[in-house]
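Reading through the structure tokens given below for one structure.
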Amino acid sequence: MEVLKIATAGSVDDGKSTLIGRILYDTKSLTTDKLEAIEKTSKQKGYDYLDFSLATDGLVAEREQGITIDVAHIYFSTANKSYIVADTPGHVEYTRNMVTGASTSQASIILIDARKGVIEQTYRHFFINNLLRIKDIVVAINKMDLVDYSEEVFNAIKKDFEALMEQREYSDQNISFIPISALKGDNVVNASDKMPWYKSKTVLGHLEQLDKKNIFNSGTARFPVQAVVRPKTEDFHDFRGYQGKVYGGDLNVGDDIVVLPSKTTSKIKEIYFYNEKYDTAARRSSVTITLEDDVNISRGDMIVKSDDLPQINKSLNAVVCWMDSTALKPNNKYTVQHGVNKVLAIVTDIEHKINPDFSGIDKEAAQLEVNDIALVSFKLNRPIFSDRFQDHRTNGSFILIDNNTNNTVGAGFIQ
Amino acid sequence: MKSTAIINSLENEAIYILREVAAQFERPVLLFSGGKDSITLVRLAQKAFYPGKIPFPLMHIDTGHNFPETIEFRDRLVKELGLELIVRNVQESIDKGKVVEEKGKYASRNMLQTGTLLDAIEEFKFDACIGGARRDEEKARAKERIFSVRDDFGQWDEKNQRPELFDMLNGQIDLGQNVRVFPISNWTELDVWSYIAKEGFEIPSIYFAHQRKVFFRDGMIWSFDDDVVYREEDEVCQELTVRFRTVGDMSCTAAVLSDAADLASVVQEIRDSSISERGARIDDKRSDSAMEKRKQQGYF
Ligand SMILES: Nc1nc2c(ncn2[C@@H]2O[C@H](COP(=O)(O)OP(=O)(O)O)[C@@H](O)[C@H]2O)c(=O)[nH]1
């Protein structure tokens, strides 16, 4: 079954948890025991409605503070798709969580409180969705029940958001506006009878009709080698296979390929998934391939089609989202993990900081603090084989690792 | 033209993760309980490394309260695939006085497993433990990473987790630390069952409807076995047709009434079911934060 990953963004109290809880409830994904727990807690709290946000709020610390503090994953499915929702918090200080959640998502839902309209937070949410090249965005204008389900309110907010869209860098992004009440269930899974003026799809209805064609950018095939398999058993005496996941496009038996960094050329001989042979290794499948020639290949090398090579560079220019409490400074050293390849990197320059709300850049920035976004250049000790992020979401991104703490401290989008 | 496009994206993801574990760590181990999730992991590993062998051993932390069917199944699978199996017993930890057996109506050895596990990790110097936990199981699990770093005491610090971006898995750790790896994080219970049914994997017989001596408590059905499962005098035993949705510790795993005797009917039953599988585990009901607390102490 097809899996669709969705990120959510909204400020505290815009109703994100309620929306997700409502989707779970209306798609009958809440089990009896969970529903009973929600009923019980709602009653304890003295509510006269069901507090669906309880379906998603996970950790104790969070429950105590009453806010979502990290990325949580929620699962539900319909007859035609499985959904994974990355629930990411919307406060200012959690840019990193939103970037994290959005990095694995193909679609996203941005929530706006109908009473507040487009606020500064909305700018940030949209900015990050745009930076991460999310293909499909639903702008859900929530709490319509509190503004008398007014078409004027909806239109005014839509207009403000459209003004914001003019500033975006990446325009190949489908954006739909949907007026909802997460609490009452209007236009979430079921169409509302309170807003006859809205004729288009519900939130779930919209997600249901998305398919591979409109959520994946097609690109070029990249095959980073995870491991080389040489079983040396009787049956597979001379077998030498390259294991990895195909990104961006398909690979076929007979394709002319180049191995990087050695630039050795060969042809794809066989494609295996487990013990079965295939003609085509489709994007995102984990396969084992063999080549016509004996080539010296190791983990971290990349196999690509000969007619479409990536950049092979020992320097790197990238938009970085900084995620650590220790600042990034020029001359600092990090490990760059680009797919399965790791190289050492030194920061050569912070060119400018980018305000994550479309308000421009700051050229004076001397260092990056947590949640800062900036254009940074690096020098590498070995080359990586990369594409620009705008051309290739997977091969155009990397993470930064601090070798003192081993933590993942930043995400990079190659320019 | 035969294309791998037909292959389920969850399966591709799990294979990618398993290959990363093998490449990034020195001494990985697959924690094997004999349940459907760990069987799925073993089968995925078989696919991931083919035509090579699975490059790590399995380890079973045996509570001593297992269903006999599970143990019989475990030994058969290990033999079939020619794998190395390590078994460490909770009973041994109790005998050595390292942990104390719980008493009373809700006593279980689930909590005690943690101590035995941490000792085994220490003993074998494992740096990565592959587990079959899924994020849909429980709210606290929903925030678990695919590579989840544990400190020298095996503890999980949920506020200090590494962000996981794109497909990139950062397995860099210091000596003494280890990582819990969850390749089927993104699978739901139904995904697991559908996969097992599609592939026709063999699983222990207790997952299918069978006649069993049981008794009722708190509206749940417990296996009758006075050696392992605590029972009050007035809790009377009867014979019913039941099956289990998980195969944990007998003393805290409840059965469900069911006629589902084959994989297809089990999948149908899960699809129609309105109770989550953890709903049948008594120790999670003790408190809403039960799981999170256990995880912080090193439970997998
Ligand atoms: N009237 C109304 N209240 C809502 C709606 N959606 C959410 N709320 C309320 O807004 C508050 C915050 O919602 P919650 O889902 O916790 O927000 P989050 O912080 O974005 O997850 C709660 O009291 C909800 O009951 C809605 O559509 N209408």
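Every chain is numbered from 1, with letters handed out A, B, ... down the list of sequences.
When side chains are defined from C-beta on, A/Y278 counts as touching B/I7, because their heavy atoms get closer than 4.5 Å.
With a threshold of 4.5 angstrom between heavy atoms, B/L10 approaches chain A through side-chain atoms but not through N, CA, C or O. Heavy atoms closer than 4.5 Å to chain B are found nowhere in A/S105, neither backbone nor side chain. Of the two parts of B/N186, the backbone and the side chain both hold a non-hydrogen atom closer than 4.5 Å to a non-hydrogen atom of chain A. For chain B, the nearby part of A/L132 is the side chain; its heavy atoms alone come within less than 4.5 Å. Looking at A/K277, only its backbone comes within 4.5 Å of chain B, counting heavy atoms on both sides. Using a 4.5 Å cut-off between heavy atoms, B/S185 contacts chain A through its backbone alone, with no side-chain atom that close. At a 4.5 Å heavy-atom cutoff, the contact between A/I399 and chain B is made by backbone and side-chain atoms alike. Contact of B/L165 with chain A is made through backbone and side chain together, with heavy-atom distances under 4.5 Å. Residue A/F76 does not touch chain B at all, counting heavy-atom pairs closer than 4.5 Å. For B/A22, no part sits under 4.5 Å from any heavy atom of chain A, backbone or side chain. Using a 4.5 Å cut-off between heavy atoms, B/E11 touches chain A through its side chain atoms alone. Heavy-atom distances place no part of A/K28 under 4.5 Å from chain B, backbone and side chain included. In this structure, no portion of A/V253 lies under 4.5 Å from any heavy atom of chain B.
For the atom pair B/M168 CE and A/Q337 CD, the distance stands at 7.0 Å (nearest 0.5 Å). For the atom pair B/T4 OG1 and A/I271 CD1, the distance stands at 7.0 Å (nearest 0.5 Å). If you take OG on A/S286 and CG on B/L18, they are separated by 9.5 Å, rounding to the nearest 0.5 Å. Distance CG/A/D250 to OG/B/S3: 6.0 Å, rounded to 0.5 Å. To the nearest 0.5 Å, atom OH of residue A/Y75 and atom CH2 of residue B/W187 are 12.0 Å apart. Here A/H73 contributes atom NE2 and B/R134 contributes atom CZ; the two are 15.5 Å apart, rounded to the nearest 0.5 Å.
When the candidates A/T104, A/I401, A/V229 are compared by the number of heavy-atom contacts under 4.5 Å with chain B, A/I401 comes out ahead. With chain B as the partner, the residue from A/V287, A/T233, A/T394 showing the most heavy-atom pairs under 4.5 Å is A/V287. Among B/L190, B/D174, B/I6, the residue with the largest count of heavy-atom pairs under 4.5 Å with chain A is B/D174. Among A/D279, A/I84, A/L35, the residue making the largest number of heavy-atom pairs under 4.5 Å with chain B is A/D279. Note: A/P231 leads A/A411, A/P231, A/S29 in heavy-atom pairs under 4.5 Å with chain B.
Counting heavy atoms of neighbouring residues, nucleotides and ligands inside a 6.0 Å radius, atom OH of A/Y25 does not exceed 12 of them. The number of heavy-atom neighbours closer than 6.0 Å to NZ of B/K198, taken from other residues, nucleotides and ligands shown, is above 12. Crowding of B/E26 atom CD: a count of heavy atoms from other residues, nucleotides or ligands under 6.0 Å not exceeding 12.
Contact detail for A/M323 and B/P163: the closest heavy-atom pair is SD-CG, 3.7 Å.
Between B/K2 and A/E270 there is no salt bridge, since none of the side-chain N atoms of the basic residue sits less than 4.0 Å from a carboxylate O of the acidic one. Ion pairing of A/R299 with B/E20 is present here, as a side-chain N (NZ or NE/NH1/NH2) and a carboxylate O approach within less than 4.0 Å.
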Test A/N403 against B/Q172 for side-chain contact (heavy atoms from CB on, under 4.5 Å), laying out the working first.
CA-CA 8 Å; A/N403 290 317; B/Q172 223 165 285; 2.9 Å; yes
Residues B/N170, A/T408; criterion side-chain hydrogen bond (donor to acceptor under 3.5 Å, both in side chains); working and verdict
CA-CA 7 Å; B/N170 169 9; A/T408 303; 2.9 Å; yes
Using the rule given for side-chain contact (heavy atoms from CB on, under 4.5 Å), can you reason through A/R284 versus B/D167, listing the C-alpha separation, both sets of side-chain angles and the distance that settles it, and then say yes or no?
CA-CA 10 Å; A/R284 307 201 75 73; B/D167 260 6; 3.9 Å; yes
Would you please test B/R162 and A/N406 for side-chain contact (heavy atoms from CB on, under 4.5 Å) and show each step?
CA-CA 9 Å; B/R162 292 179 185 173; A/N406 297 322; 3.2 Å; yes
If you apply the rule salt bridge (charged side-chain N to carboxylate O under 4.0 Å, His left out), what do you find for B/E13 with A/K5, and how did you get there?
CA-CA 13 Å; B/E13 179 182 77; A/K5 295 192 182 169; 3.3 Å; yes
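A/Q226 places a side-chain N or O within donor-acceptor distance of the main-chain N or O of B/Y16, the cut-off being under 3.5 Å.
A/S82 pairs in a side chain to side chain contact (heavy atoms under 4.5 Å, CB included) with only one of the listed residues (B/D191, B/N8, B/T188), which is B/D191.
Taking the six-membered ring for Trp, B/Y50 and A/F273 have ring centres at least 6.0 Å apart.
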